Every structure is written in C-alpha cells, then in structure tokens.
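Lettering of chains follows the sequences in order, A, B, ..., and the numbering in each one begins at 1. Here the structure is a predicted model, which is why all the values come from computation and not from measurement.
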Amino acid sequence: MTEQVDAVERLGDDPARLRALVRGEPVTELPRDLYIPPDALEVFLETFEGPLDLLLYLIRRQNLDVLDIPIAAITSQYMEYVELMKELRLELAAEYLVMAAMLAEIKSRMLLPRAPVEDEEETDPRAELVRRLQEYERYKTAGEDLDTLPRVGRDVFPVTVPAPGAAPRQQEPHVSLRELLGALAEVLGRAEMFTHHHVRKEALSVRERMSQTLERLNSETFTPFIALFRPEEGRLGVVVSFLAVLELIKASLIELVQAEPFAPIYVRARA
Amino acid sequence: MSEPQLKIILEAALLAAESPLSLDHLQALFADAGAPERASLREALAELARDYEGRAMELVEVGSGWRIQVREQYAGWVSRLWEERPGRYSRALLETLAIIAYRQPVTRGEIEEIRGVSVSTSIMRTLQDRGWVRTVGHRDVPGRPAMYGTSRQFLDYFNLRSLDQLPTLMELRDLDKVHPELDLRFPEEDSAPGVPEAADE
Amino acid sequence: MSEPQLKIILEAALLAAESPLSLDHLQALFADAGAPERASLREALAELARDYEGRAMELVEVGSGWRIQVREQYAGWVSRLWEERPGRYSRALLETLAIIAYRQPVTRGEIEEIRGVSVSTSIMRTLQDRGWVRTVGHRDVPGRPAMYGTSRQFLDYFNLRSLDQLPTLMELRDLDKVHPELDLRFPEEDSAPGVPEAADE
C-alpha cells in the first residue's frame with residue numbers, strides 16, 4: 001500500500017508536495033499567481049478558447065510539462081475556474097463540463113488499484129488527455145505563428161497602379177459550325193420550312209454572290225454589267241454571278257438599263 | 001534604424017496609395033517631427049521621376065497630387081490582362097446568323113418572319129461588330145430596310161472556302177450524316193490561348 | 001513599333017494587375033505568336049527583381065503567381081496613409097485556419113475535436129468569404145461532411161509561395177519515450193504471476 005501512496009504523491013495529488021521536473025530541476029513550490037483582480041476576471045475567463053486551452057494555461061502557468069501532469073492538482077484548479085465561470089454566469093460551454101468529468105475519471109483511475117486485465121497493455125490513464133493537449137497546443141501555436149506571418153494590408157502592400165489608356169478587351173465567344181447548323185435546323189423545324197418551298201437544293205454560292213453583287217452596286221451610279229463577271233473565276237464562277245444577277249432582278253433588288261439595242265448594259269441597285 | 005532615403009519612403013507611399021497624394025499628404029507621413037520641407041519633397045519626387053525613365057511606370061502630377069502610373073505606351077499590354085472570358089452567344093443570335101448565311105441577302109423583317117419572333121437590334125449589331133455580317137444593300141420597299149449578307153471573315157472563321165460547303169437545308173435534317181469532311185469543331189479550339197486560371201478555382 | 005524589353009512589358013502588367021499573375025497568365029499576354037518561353041519569362045522576372053533592389057518595392061512569388069509589393073520594411077510608413085489600423089483576427093479564427101492549413105483536407109468535426117470546442121459558423125463563413133478556405137470534397141461517412149482546405153488566396157494573403165513555407169508544426173512527443181524513468185504501471189503488476197512481458201513493449 002505504501003508503494004501506491006508514493007505513486008500518488010509522485011503524481012502530485014497535493015500541490016504543496018508537488019514534485020515536477022522543470023528543465024531537470026525538481027520544483028516543489030507552486031507559483032502563486034492565482035489572484036486576479038475581480039473586474040479583470042471575467043475578461044480573463046472569456047479569453048479561454050475552451051477546456052483544452054484552460055488546461056494548457058493551468059499547466060503552463062506552473063511551468064509543468066504536458067507529459068507529466070499532476071492530475072489531481074490540475075483537476076482541482078480546473079474545477080475552481082469552472083465554478084468561477086458558473087458564478088459569473090459566463091456562458092459555460094458543455095465542453096468544460098465534459099472535460100471536468102474526464103479529469104475526474106482519470107484521477108480516479110490513477111488512484112485505484114487496477115484490476116489485472118488480460119492481454120491488454122497497461123496505458124497511462126492520462127495518455128489520451130496528454131495526446132489531446134499536445135495536439136491542441138501545436139495548433140494553438142500554429143495559430144499564433146500564422147498571426148506573425150507577414151500579411152497583406154498589414155505588412156505587405158501589393159502594388160496596383162493605374163494604367164491610363166488600358167481598357168478591358170472583350171473576348172469574343174467561340175461558335176462551332178455544328179452549333180450554327182444546329183440552330184438553323186431547329187428554327188427551320190420550328191417554322192416547318194422543310195415541308196415547303198425550301199427543300200430543293202439551294203445553291204448557296206448564288207446567294208453569297210447575290211450579297212457580293214449587291215454590295216458593289218448602288219443606286220446613284222450605273223455599273224457596267226460585264227464588270228460583275230470575273231473571267232479568272234472560270235465558267236462556274238461566271239454562271240454563279242449570272243444566276244445571282246437573275247435572282248436579284250427577280251427579287252426587284254436591281255435593275256438593268258440598256259440605252260439602245262446592243263449598247264452596253266448597266267446595272268444599278270433599285271433605289 | 002537608419003533612416004531610409006526620402007525618395008524611397010515617398011516611393012513606398014505612392015506605390016501603395018489608392019489615389020494621388022498631395023504634397024501636404026506626403027508631408028503628413030512624417031508626422032510631428034522632422035517633416036521635410038516642401039522643396040525637399042519636390043526634389044525627391046523629381047529624382048524619383050528620373051529613376052523611372054526607361055521603365056514601365058512614370059511619376060505624374062495630376063489634379064489632386066502625385067501618382068505612379070503605367071506609361072500609356074504599355075496600355076495595350078495591360079489591356080490584355082483584362083480580357084474578359086468569352087461568353088456564349090444566344091440561340092437567337094446563332095439562328096439569325098444561320099438564316100442570314102442561307103437566305104442572304106435578307107432583311108431583318110424576313111429573318112423575323114422565318115424565326116417567328118423579332119430580332120433584337122443588339123444581335124444585329126453584335127454580328128456586324130464581329131465582322132461576320134454586313135449590310136449589302138437596301139430593299140426597295142417602304143422604309144428601305146437593310147439587306148444583310150455574310151462576309152469573307154464569316155467563311156474564314158468557319159473554315160469554309162465558300163458557302164456551298166454548307167449542307168443544304170435538306171441535309172440539315174440529319175446533321176451527323178452530312179459533310180463528314182466539314183470542320184464542325186470550334187474553329188479556335190486548338191489555338192485558344194491558355195486560360196490563365198488557377199486549376200483549383 | 002520597336003518591341004519593348006520583355007521585362008518592361010512584364011513590369012507594366014505586374015504594376016497594373018490587381019492580383020498576382022501566374023507564368024501562364026504572363027505568357028498569355030503575348031497572345032498567339034511569339035509568346036516567350038517560360039524560361040525567358042523566369043529570367044526576365046529575376047532581372048526585374050534585381051532592378052528593385054534598394055527600392056521600395058519588391059517582386060515576389062506567392063501562391064497564385066508573381067506580384068510587386070511594397071517591402072515589409074516600409075509597412076510603417078505606408079500604414080500612415082490610412083486612418084484605420086488593419087483588423088485583428090480572433091484566436092478562434094486563427095486556430096481554425098491553422099488546423100485547416102496544416103491538416104487539410106479536414107472536416108469541421110475534426111477541427112472541433114482538436115480544439116475541444118465547437119467551431120462557430122460565422123468563423124467558417126468568414127474564412128470562406130475571404131477566399132482563404134474552400135470545400136475540397138466530402139468525407140464518405142454518414143452525413144457526408146464537407147472537407148476543407150486552403151486556397152491560393154490564403155497563400156497570397158500570408159505572402160507564401162506554398163504551404164511548405166508555413167512555420168513547422170510543433171513536434172508531438174510520446175509519453176513513454178520522454179519519461180522512460182516514470183514507471184507508470186502499478187506496482188503489483190510487476191510481480192503479478194503469469195503475465196507475460198509483451199516483447200514489443
């Protein structure tokens with residue numbers, strides 16, 4: 001039984017007899033810095049980011065190693081703070097109470113003789129708590145580190161200067177031929193054009209040439225008829241041009257003028 | 001801390017400022033003690049302006065003070081930064097374009113008749129701005145409406161030698177079977193410049 | 001028009017840009033023909049960075065690309081331009097952000113487990129509104145919780161090129177290894193008959 005009592009003492013049940021190693025030196029005195037002016041207390045308690053943060057504070061305040069927490073002492077200090085929070089009616093997150101229960105459980109497990117459990121490695125009841133404390137501490141530190149990194153708007157100022165004369169350029173959308181034809185097929189289907197007068201094979205080059213011819217003509221001046229034909233286009237080109245002229249006449253878009261028989265023929269757009 | 005050069009402090013402030021800084025403003029940077037004379041400020045600014053010779057930026061004095069800006073001769077390069085992502089054309093625009101291609105020369109009224117709905121002015125403007133459609137004449141009826149046709153750029157864009165390469169209206173019924181040799185891909189698909197976009201956005 | 005020096009064109013673009021420019025983006029400035037090789041771009045950028053030695057600005061590479069910024073050492077002078085002090089972030093926000101940065105992809109539940117308290121919705125929203133944190137997927141467990149990761153803007157904001165540049169995370173120590181002298185077993189156990197010593201202990 002005496003051995004067991006030793007173990008408990010070693011784990012620091014009694015703060016006054018606490019023995020902890022700080023840089024290899026045993027520490028037996030608790031730093032007495034618990035007193036905080038009452039008006040500051042509320043602000044102080046609100047600065048804790050949760051039970052792990054509060055526990056870390058309690059441990060660090062005493063220069064203790066996370067790996068060697070005097071559970072009983074820490075538990076009672078933790079409970080003091082939780083009571084304070086309750087008294088001050090601070091919004092006490094349920095997490096604080098869960099942690100209190102966890103501490104109490106660890107404390108009891110460390111005090112009680114362990115029933116031998118077969119085939120189960122004995123682990124320190126504090127192991128899980130220590131793991132969580134360390135895990136939290138590393139991100140708490142990482143958060144502090146993050147805060148010290150150079151930051152836009154505080155430490156570094158990206159440069160953006162005006163550029164007179166520069167203006168956004170609109171990029172034009174891409175269209176595929178398939179899209180274009182698909183659109184036409186749809187509109188024709190909608191107009192039921194297939195069943196009517198457009199089923200014949202249209203010579204699109206004639207239509208194209210109609211546009212080109214029209215563009216060259218105006219209503220002010222007469223253009224010689226023969227100027228509409230370009231021999232270098234060959235027979236087919238001449239035929240296409242001729243058909244275009246006929247179509248344009250049929251559509252009353254142009255008119256032909258001949259002063260007398262065998263005189264040159266002129267063309268102009270109908271005004 | 002050794003005091004940095006006056007002109008470098010001014011440079012820092014001018015580069016970071018969101019609007020031009022007046023001499024008063026620049027002087028105020030030096031708070032209470034040791035604010036430089038206006039003459040020294042002017043001198044430092046002149047020096048800074050000289051430093052920027054041959055560079056992309058310049059220091060200019062505008063109405064409300066001094067500012068650093070990109071020289072106008074580089075405006076063209078800067079404009080490319082701000083190119084907007086291409087949008088998509090509306091169905092109405094594509095239909096209008098197709099009708100003009102197949103039925104040219106054609107008036108807006110005729111397009112509307114075929115489509116069964118009116119054609120907006122902005123569609124006609126877009127097609128003309130793009131250089132695909134132009135006015136080829138005016139129909140000799142009251143109001144003298146413009147007649148539209150397609151352009152050479154239209155053929156170039158769609159990689160066509162002539163309009164004859166387009167399928168006939170008959171063939172349009174079954175697009176997939178016709179003209180397998182037609183280049184139905186997006187014309188600029190291959191050469192589209194890499195969109196400089198973060199892969200994870 | 002004689003072609004300006006590559007580095008001067010880059011300088012113009014970087015000065016005018018509102019966010020960092022990636023190499024792809026810089027290359028795209030040169031549109032179709034004659035876009036410089038990435039190697040030449042890098043070279044020109046290095047030259048530019050050297051030009052800025054001794055000046056108020058510097059050229060740095062951050063998460064989403066290159067940017068010109070006022071050197072940190074002049075932050076004091078520059079911040080006098082603004083009345084307002086830059087905002088501070090709460091510890092809760094910084095810790096949450098740190099966990100996401102170091103542990104990504106991570107769910108809200110995992111963040112809460114590490115911090116030992118619940119993570120407020122407003123913090124998650126702030127982080128996402130600032131563009132630092134985004135949903136990178138969903139964990140394949142009941143409820144399919146979102147997994148969070150940091151963005152390029154996060155790197156940009158903290159002046160980092162990549163996550164590797166974050167300060168190293170504190171090391172976790174093993175309870176048994178650090179205090180081997182601490183016999184944590186209960187006294188009786190040693191002498192308990194028939195308990196075989198685990199070889200791998």
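- Ranked by non-hydrogen atom pairs under 4.5 Å with chain C, the options A:Arg138, A:Met99, A:Glu135 are led by A:Arg138.
- The residue from C:Trp82, C:Trp77, C:Tyr74 that alone fulfils the ring pair (Phe, Tyr, Trp, His ring centres under 6.0 Å) condition with A:Phe157 is C:Trp82.
- Only the backbone of C:Ala17 comes within less than 4.5 Å of a heavy atom of chain A; no side-chain atom from C-beta onward does.
- Counting heavy-atom pairs closer than 4.5 Å to chain C, the top-ranked of the candidates A:Thr148, A:Leu52, A:Leu146 is A:Leu146.
- Residue C:Ser19: no heavy atom, backbone or side chain, is found under 4.5 Å from chain A.
- With contacts defined as side-chain heavy-atom distances shorter than 4.5 Å, the pair A:Asp155/C:Asn159 does not qualify.
- For C:Arg67, the part sitting under 4.5 Å from any heavy atom of chain A is the side chain, from C-beta outward, and nothing else.
- Only the side chain of C:Leu160 comes within contact range of chain A, judged by heavy atoms closer than 4.5 Å.
- When every heavy atom of A:Glu49 is checked against every heavy atom of C:Ala92, the shortest pair comes out as OE1-CB, 3.3 Å.
- Of all heavy-atom pairs spanning A:Thr160 and C:Ala16, the tightest one is CG2-O, 3.4 Å.
- Atom CD of C:Glu84 has 12 or fewer heavy atoms from other residues, nucleotides or ligands within 6.0 Å.
- Here the side chains of C:Arg88 and A:Asp147 are in contact, with some heavy-atom distance below 4.5 Å.
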